[in-house]
Each structure stands twice: as structure tokens, then as C-alpha cells.
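Numbered from 1 within each chain, the chains take letters A, B, ... in sequence-line order. Remember, it's a predicted structure, so these values are computed and weren't measured experimentally.
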Amino acid sequence: MTDFHSPDARAAAALPLDLAEVRVRFAPSPTGSLHIGGSRLVMYNVLFAHGQARRAGKGGKFILRIEDTDQKRFVEGSAEGLMDGLAWLGLEWDEGPDIGGPYAPYVQSERQHHYREAADQLLANGHAYRCFCTPERLQRVRDDQVKRNLPPGYDRHCRNLGADEIQAKLDAGETFVVRILMPLEGETRFVDLLRGEIVFQNDKIEDLVLLKSDGYPTYHLAVVVDDHEMDITHVTRGPEWIPTAPIHVQLYEALGYEMPIFAHMPLILSPNGGKLSKRDGSAALADFRERGYLPEALLNYLALLGWSLDGKTEFFTMADLLEHFTIERVSAAPSTFDRDKLDWLNQQWINHHLTVEDLAVRCLPFLIAAGTIEEGPHDATHPTYGQVLVAAGLLKDRIRHLTEAPDLMSYFLADELHPYDSALLMPKRVEPAAALGMLKAFREVLPEIDLASHDATEARLRALADELGVKAGQLFMPIRVAATGRTQSPGLFDTLAAIGQDRVARRLDAAIELLEG
RNA sequence: GCCCCCAUGGUCUAGCGGCCUAGGACGUCACCCUUUCAAGGUGAAGAUCGCGGGUUCGAAUCCCGCUGGGGGUACCA
């Protein structure tokens, strides 16, 4: 049997020699927002198909399919939101509900007859049976089992109904579901790409429902049928599907389908334990977008959460990932979501991998939303772009999230300063009178200084500190606060230059008034 | 309860039987740079590789058990 401890062996198993094209799919149900874990799964799929497979000289396609077989949980607009999120991340699909493809339709509710045919085939060849049990009876059975401390599950009540009994119920118009007829003996095994062989005892597996009474298939029937019909070569999905994988394996065999390669990807855990969920602040991709994360940083972080190239390389662009990702290096162990590291990566991306122009443009929507600047196009043609660009240049290595832009840039972009505490004007160990003196002294020489010149401003201010007999820092702080309304800012001379002669003068006057009043 | 998966510092990870006195990164702390805050630089603390048995001349690496964590247990996906 394959030695899955060897990376080479896993690599070989991932891309069998006779495989011409990798076809992987992401098949979400349109029941809510796209989870961060789903986003990572899509990325791994894309990297595997478009990266690893193509590098190996094979074809590689990533398919998007909507699994809307549960009418009750359907949420309007969720499929659109999902595609929106993936597009934002820059993850593209080759076939899907919106762009079509050779295997259309890519929406399960439009593929009904396939499932019904498969169910009929299973019914005919004895791998499935009709079950007429009512939901009430099933609930009763379960309650009873729980009460008696038995493992809850369907008691296979309808498994051995006679042909005439079945006919009678059908004639009477009783509704039914179709259940898989699991073998009661033996075992079902399959190879998971990340874990090696997994074995299940057949008698421990339930006769799960394949076709619901409303005629819709359950996930189990639908995935198997669609994955087969869409020629999916690698079934990638979350680890929560491992327990029902034997059902799928049985179905592949019973239907005479060729077995795909299974790869159950790892789970993303919450720092509080358990699956990462809404309760952990945010688990939805859209939340990260709103909170000012760069898609590049998120992708970078997600790639590293469960995968590594060499344990040392930290920065990856999508292009890097396409060049280096291999699915067999994805860890089977679940990993905990670490907000701190994501934040660090986001800041690193802003500080070192984004151009100032790019940063400025990305800040625009956040500045507009906050009302810091006027409505306008989200690009360099925005009327205030020039000022935003200057501010972005100064704040580039101080911004962690784009959402901070409105606050950090406010004193560059707005004419009026937010009210601030006059105490800020007086640094520690500086008397109020001294602070006032310094501000007045600066105000007096301001007209002689060309703020646009960093060097001239610095020379004059340092000289002024000497004249006043104080340390440079003691003089700079009151000026900084007067000009910006806060104690933290980019370098003082650049900051003054960006704010401009007139506004600096006005803000100085206001500060002096504040101290005198 | 039953079934299944996983297990290297707080977190993400490297490691594929000797190169490991276990490497990198986040976080933490200290120092340097410095007009503040960042960024950057240097350094430190932090892991008896979950525990116990094997196999082997030799194990973080292979095997078994245990423990811990997680997942599943629907006419949801």
C-alpha cells in the first residue's frame, strides 16, 4: 500500500501519471455568507488546478457549483455574494453558474433528473430502498434510543419491506424517501490524500437518505452524481465529510462510477476552541473586506494556515503560490485562526508590498464611507486623490488596516481639527507657560519658513529649540499636537509640509488661544 | 454513548530514522535607531517534540496503547 509518510509518495498519489486533467470543484450551498474556511478551500483548489497540475504539464480546471438542494435554507442573494467574495480575492473559476461551461447547468436544482435516474438505478440494482417512515416515527425512534443510551440512528425499519407491501403503500399514495442500503458486513475503505487509508466498519454506517420526499436529493447523492458527471477528479472538501465518505464510496461502486481521489482539507479552529464561527468576531469573508484587510494579505495568511513551503518563507503573492503550492504539503491537522498574525501580514503588505498610489486608491472607499472626503470615483480621478496620496505616503508604514485611514488621515484631509485635550500640548516636564512660549515663538517665525522644504523647516526648528534653551523633542511635541491634534504622527517636518502653511498657522493660533483661554 | 480525524513553544509551522545541544514566523520582553508613533535592526525568554510502552546501534520522525483536542452522529450541507 502507498506509504503516505513520504511526501514523494503523496505527490505521486495527488497526480497519477495517467491523469490528463485535474478537475476540482467548490460546491457551496447558498445558505449564507462565504466562510473564511471556504475561501481557503477555494484557494487551495485553484492553486492545485491552476498551479500544481498545470506545472506538471496537465490540464487544470476549477469549477464552481451551487448545491441548492435544501429549499428550506435557501438565502436569496447568497450565491451572488459568494461569487463576489471570490472575485474580490482574485480567485477565478473556469466553469460555473454565471459563466456556464461544457457541463452546465452548474446549479443542482436544475439537474433534478440526474439524481432521480441515479436513485432509480440504485433502487433497481438493490443498493437502495424506499422508506415510508414518517418524520414523527423517526423522531420517536431517536428519542427512544437516546433514552436507552443507544447510539441514535435509523433502525432500518423499511429495509426489508416486501414488493407487495411497497406497491400497496405506493398505491395508497404514501410519500417515501430513498435510502442507501449499506452492507451489514465488511468494511469500506478509501484513501485520503492527506491522511492515507481510512477504514470504516459497514455495520456502523447508517442507511442515510439519498432522495428526500420532496424529490430533491440529499448532499450524498447529489455530490456523487454531479462529481461523476462533471468528471471531477479530486474531491476536496472539509473534514466534516470524512464520516460520511464511506457512503459516497459505496455509491460510486453501486453506480459503477470511477472513484475520484479524496482530499479532506483541514478545519480552521477558533482561538476559543471549536470551529471558527460567527461568534468569534468574524468568520465571513465579507467581514474581513469591511475591516480593511487586503485580499493579498488574507490570501497570504490563509495559504500559510495549514500549508507551508519550507517553514521559512512568509510572503507569497498569488503568483508565488501558483508556482510553489503542492496539495500534498497541506497539513491534515486543524489550525487555529490567529488574528495577530493576519494583522501583521496585512500591515506588512501595506508597508512593503503596496505602492503609495495603490494604497491611496484602496483607502478611497473607506475615506468616502467615513465621510472624511467627498463622494467620487474610487480611483486617481477623485478630486481629493492628490491629498490622499500625500497622506498615504506619510502613513504607509503606520497603517495596519485600511479602516484606520479615515482617522489617521483626518488632519491632512480636513480643514478643521477634531477638538483635542489642551493637556496634550504640554509634554511631561514642560510647564504650561513654557509650552505656550514655544508655540508663540514658532508662530512668529512661521512666515519666514518654507514648510515645503523639509530641511529648511528642520534647520529652523532645531535652531529655535536652541534659542529657547529646550531640547528639540520638547519643542516638537507641542507643535505636533497643535498641528495634528494628537501626539502621534509621521515625521513632524513632512507632516507640517503636507498640512500646509495656512492651516498650520491657523491651528497654531487655535492652540495658543486654547492655552491662553 | 458510538464512529472518525488530529497531536513540535501561547499561535502558525520546518522536520520524513543519525546533519536537532529541535529551525523560522506571529505574539511577548529588552536594547539600538529616533522629534512622537510606527517601520527597521539586534537580542532574550518560551518546547523534557502530549504521556507511556515498544522497534532500532540510534526516534520529534516507525508501531501500539493512553490522554487531550476536534469533527460527525438530520428527509442540512
Legend entry - Nearest-angstrom distance, C1' atom, B:G50 to B:U61: 16 Å
Legend entry - Sidechain N-carboxylate O distance under 4.0 Å for A:E467, A:R460: yes
Legend entry - Check ion pair A:R140-A:E136 (N to O, under 4.0 angstrom): no
Inset, instruction - Can you tell me, in whole Å, how much space there is between the P of B:G46 and that of B:G41? - result: 24 Å
Inset, instruction - Give none if B:C26 has no partner; otherwise give the nucleotide forming a Watson-Crick or G-U wobble pair with it, both distances under 3.5 Å. - result: B:G10
Legend entry - Closest to side chain of A:R329, choosing from B:C75, B:A39, B:G15: B:G15
Inset, instruction - With the side chain of A:E240 defined as its heavy atoms from C-beta on, choose the nearest nucleotide among B:A77, B:G1, B:U73. - result: B:A77
Legend entry - Which nucleotide in B:U36, B:A77, B:A38 has an atom nearest any side-chain atom of A:Y219: B:A77
Inset, instruction - Find which nucleotide of RNA chain B each of A:K212 and A:Q348 is nearest to by heavy atoms, and output the residue with the more 5' nucleotide. - result: A:Q348
Inset, instruction - State which of B:C6, B:G27, B:G24 makes the closest approach to the side chain of A:K341. - result: B:G24
What pairs of nitrogen or oxygen atoms, one from the protein and one from nucleotides 18-22 of chain B, lie under 3.5 Å apart?
none

Legend entry - Span that lies between the P atom of B:A47 and that of B:G10, in whole angstrom: 7 Å
Inset, instruction - Would you indicate which nucleotide in B:A7, B:C4, B:C75 comes nearest to any side-chain atom of A:K72? - result: B:C75
Inset, instruction - Write down the partner of B:C37 under the Watson-Crick or G-U wobble criteria, each distance required to be under 3.5 Å. - result: none
Inset, instruction - May I ask which nucleotide in the shown strands pairs with B:C62, Watson-Crick or G-U wobble, both distances under 3.5 Å? - result: B:G54
Legend entry - Residue whose nearest RNA chain B nucleotide is more 5′ - A:P243 or A:W344: A:W344
Legend entry - A:S335 side chain, from C-beta outward: closest of B:C12, B:G1, B:C5: B:C12
Legend entry - Under-4.0 Å salt bridge between A:R148 and A:D144: yes
Legend entry - d(CZ, A:F316; P, B:C12) in whole Å: 18 Å
Inset, instruction - Could you check which of B:G1, B:C6, B:U36 has an atom nearest any side-chain atom of A:N149? - result: B:G1
Inset, instruction - Give a yes or no on whether a salt bridge exists between A:R65 and A:E67, defined as a side-chain N under 4.0 angstrom from a carboxylate O. - result: yes
Inset, instruction - Among the candidates B:A25, B:U11, B:A39, find the nucleotide nearest to the side-chain atoms of A:D338. - result: B:U11
Inset, instruction - Write down the distance separating the P atoms in B:U13 and B:A7, rounded off to the nearest Å. - result: 11 Å
Inset, instruction - Give A:W307 one of three labels, base, sugar-phosphate or nothing, depending on what nucleic acid heavy atoms sit under 4.0 Å from its own. - result: nothing
Inset, instruction - For A:D466 and B:U35, give me the distance from atom CG to atom C1', rounded to whole Å. - result: 14 Å
Inset, instruction - If B:C75 has a Watson-Crick or G-U wobble mate with both distances under 3.5 Å, name it; if not, just say none. - result: none
Inset, instruction - Counting heavy atoms from C-beta on, name the nucleotide in B:A38, B:G27, B:G40 closest to the side chain of A:Q347. - result: B:A38
Legend entry - Any N/O donor-acceptor pair, A:S489 side-chain to B:C37 base, under 3.5 Å: no
Legend entry - Proximity to the side chain of A:L269 - top-ranked nucleotide from B:U35, B:G70, B:C75: B:G70
Legend entry - Note: A:E206-A:R156 ion pair, threshold 4.0 Å (strictly below): no
Inset, instruction - State, yes or no, whether a side-chain contact exists between A:Y129 and A:L161 at a heavy-atom distance under 4.5 Å. - result: no
Inset, instruction - Answer yes when A:E174 and A:K169 have at least one side-chain N-carboxylate O distance shorter than 4.0 Å, and no when they do not. - result: yes
Inset, instruction - Using atom types as modelled and distance alone, determine if a side-chain donor or acceptor of A:T313 lies under 3.5 Å from a backbone N or O of A:L309. - result: no
